[in-house]
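The figures here come from the full heavy-atom set of this structure, side chains too, leaving out hydrogens, waters and symmetry mates. Ligands are counted one by one from 1 in listed order, and the atoms in each one are counted from 1 as well.
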Amino acid sequence: MTARIPPLMERPALKALEAHYQKLRELHLRTLFADDPKRGERMTVEAVGIYFDYSKSRITAETLTLLLQLAQESGLRSRIDAMFRGEKINVTEKRAVLHVALRAPRGQSIVVDGEDVVPQVHTVLDKMADFSTGVRSGKWKGHTGKAIRNIINVGIGGSDLGPVMAYEALRHYSQRDLTLRFVSNIDGTDFAEATRDLDPAETLFIISSKTFTTLETMTNAHTARDWTLKTLKHPAAVARHFVAVSTNAEEVAKFGIDTTNMFEFWDWVGGRYSMDSAIGLSTMIAIGPEHFRAMLDGFHEMDEHFRTAPFERNLPVLMGVLAFWYSTFFGAQTVAVLPYEQYLKRFPAYLQQLTMESNGKHVTLDGIEVTYQTGPIYWGEPGTNGQHSFYQLIHQGTRLIPCDIIAFIQPLNPIGRHHDLLLANVFAQAEALAFGKTSQEVEAEGTPPWLVPHRTFEGNRPSNTIVLDRLTPAALGKLVALYEHSVFTQGTLWNIDSFDQWGVELGKVLAKRTAQELESTDEPHLTHDSSTNALIRRYRRLRNARS
Ligand code: F6P
């Protein structure tokens, strides 16, 4: 029997951290670095090809000891083991959480409900590889005999953000004569713009939906079918121009897609943890099965590191406890993710679902209202663009915003001085955030006294610097898994279910009812609040007047 974990606020390490925080809150990174000339080398970990520098964190060795003690007291070790064993740790949905099985090598065994899931994973991967190779080589023909040149992934949330992010991130490795596009929004503009210049005879739709019932995806899928059949005329065209990625064979068949053209995944894969399942089919078509396998191997390397490394050298654990530290003690509301790599431009958007759908929770695993803040808001933009928009607030605003700065040693597109200048900005920003510029330094430059406060940088703004060699498929896998497991670490400390998402349900139900009210020919009897009623009436009146 597992020992009962006390509520967060009653864990001894939490109490010790509260006292410790009072001593440490005013301590400046300038002092911490001055007191320990080796801090910048000591507070780093290098593992699985990632150099993680957390020395510019507002912590001492004691802070870290206490945070890791808290991780122990929170049962992190047994929670990790339970996840990897396939236990149903998603308690509210009574599901195993096994994205780690998606990247397990052939021959490994993970049993869920008496069945080894790893062979199933590889069967689907093999099927994806055959199909991808067929499309990439032009062997898979459309209804008129033309080869497929355009691939449109239709999905939303986890069935879109991962594929979009991975395609952008790995574009360098993609087959350039294929056009990849992504339709997610129910706003018709998304579909219209994605298809306006394409020939249906050369276009393949991948309808990606775990449930195959999501309103946005099903609406876009029907529009895609109409668009295809308008030109190709014959219903048999659907079989050559539509494939599905889903857990729901019944709904796929109902839609009219032959289930032999369906790529399966399972209820133990959460939507936001699914980019390396069959949901990654568009990624595999873009970069090829070998690069896709390399990406999975990168994920797996990080999984093994997370499972086995001692906490003090465990990258996701360190990252997770630091995020927890700023949120719980410094009241930090957000974390900025700043990739200095243009190909990672959609990485922050991807992380928003991963982090916020996972840890945006208000009750513990036992359903008790929490008395502390849970998941912070993740956001960001690639450097250096962010520097010229929101960094002002990070440097001189009144809020504490811990930053994750991500950089690569090797550029994928070496051109002139660009990469040295890019990296110069990485190091300069982390330095400026941490150390700032004192009023004495500003005065010494001859700044008039009235301007000194405006030009003073307080510093003491924490950041992690995460450095990898090169943005390869494997590196992307490692990075994503790093954040996945950091999210799990944070959720474990907060004692919440990081794998359900009940908070998205209410809006879905209300939208269904409201859609009927908007579309009914008779004046509907509205029973919403007065604001919603008035908005619906106004929309109906003005829309009807126009049409
Ligand atoms: O609405 C939230 C959500 O359930 C996400 O968790 C999920 O990734 C997304 O919708 C899409 O769901 P599906 O893949 O079933 O269409």
Side-chain angles (χ1 to χ4, degrees), residues 89-99 102 124 128 152-167 182-187 190-191 205-225 242-255 257 259 262-283 346-347 349-361 375 378 480 483-484 487-488 491 496-515:
I89 61 167
N90 176 357
V91 290
T92 70
E93 294 179 316
K94 298 195 175 65
R95 284 179 182 164
V97 174
L98 268 181
H99 38 282
L102 298 171
V124 175
M128 288 165 66
I152 303 187
N153 185 77
V154 177
I156 197 163
S159 301
D160 166 70
L161 288 161
V164 179
M165 182 279 287
Y167 173 63
F182 301 86
V183 173
S184 55
N185 202 327
I186 201 162
D187 181 339
D190 205 8
F191 183 85
F205 289 94
I206 303 175
I207 311 300
S208 296
S209 175
K210 181 173 170 182
T211 53
F212 230 71
T213 56
T214 304
L215 180 70
E216 290 88 341
T217 301
M218 295 332 294
T219 307
N220 279 319
H222 281 101
T223 303
R225 192 168 55 185
F242 283 79
V243 296
V245 179
S246 189
T247 58
N248 191 344
E250 207 181 314
E251 286 299 322
V252 169
K254 259 199 227 160
F255 178 84
I257 296 179
T259 46
M262 169 180 154
F263 299 84
E264 187 193 5
F265 65 117
W266 306 272
D267 73 355
W268 40 262
V269 182
R272 53 194 176 274
Y273 297 88
S274 67
M275 62 169 272
D276 45 359
S277 71
I279 290 290
L281 183 61
S282 58
T283 315
R346 296 285 296 174
F347 192 57
Y350 168 78
L351 287 184
Q352 291 194 315
Q353 188 199 12
L354 176 65
T355 58
M356 299 204 273
E357 205 166 78
S358 295
N359 283 343
K361 305 292 159 66
Y378 277 74
V480 174
Y483 277 92
E484 285 177 348
V487 162
F488 180 53
I496 56 179
D497 190 332
S498 300
F499 302 105
D500 61 10
Q501 58 285 317
W502 298 103
V504 299
E505 294 305 322
L506 177 60
K508 285 187 193 174
V509 172
L510 291 182
K512 239 184 210 163
R513 167 178 148 201
T514 307

*Give the residue and atom name of whichever protein heavy atom lies nearest to atom 5 (C) of ligand 1, and the separation in Å to one decimal.*
Glu357 OE1, 3.4 Å
_Contact check, side chains of Arg513 and Val509, non-hydrogen atoms, under 4.5 Å_ = no
*Go through ligand 1 atom by atom and flag the ones less than 4.0 Å from a non-hydrogen atom of Gly158.*
7 (C), 8 (O)
*Within a strict 4.5 Å, meaning less than it, do heavy atoms of the Lys512 and Leu215 side chains meet?*
no
_With a sphere of 6.0 Å drawn around CD of Glu505, does it hold more than 12 non-hydrogen atoms of other residues, nucleotides or ligands?_
yes
_For ligand 1 and Arg272, I'd like to know whether there is a polar contact (N/O to N/O, distance under 3.5 Å)._
no
*Which residue holds the protein heavy atom closest to atom 12 (O) of ligand 1, what is that atom called, and what is the gap in Å?*
Thr214 OG1, 3.6 Å
*asked:* Between ligand 1 and Lys508, can you find any atom pair, the residue atom being a heavy atom, that is separated by under 4.0 Å?
replied: yes
*Does a side chain donor of either Asp267 or Thr247 reach within less than 3.5 Å of an acceptor in the other side chain?*
no
*asked:* Minimum distance, heavy atoms only, to atom 15 (O) of ligand 1: which one of Ile156, Ile207, Thr211 is it?
replied: Thr211
*Does Thr217, backbone or side chain, put an N or O under 3.5 Å from an N or O of ligand 1?*
no
*Return the option from Glu216, Gln353, Gln501, Glu505 holding the heavy atom at the smallest distance from atom 7 (C) of ligand 1.*
Gln353
*CZ of Arg225: more than 12 outside heavy atoms within 6.0 angstrom?*
yes
*Distance-minimising heavy-atom pair for Ser159 and Lys210*: OG-N, 4.0 Å
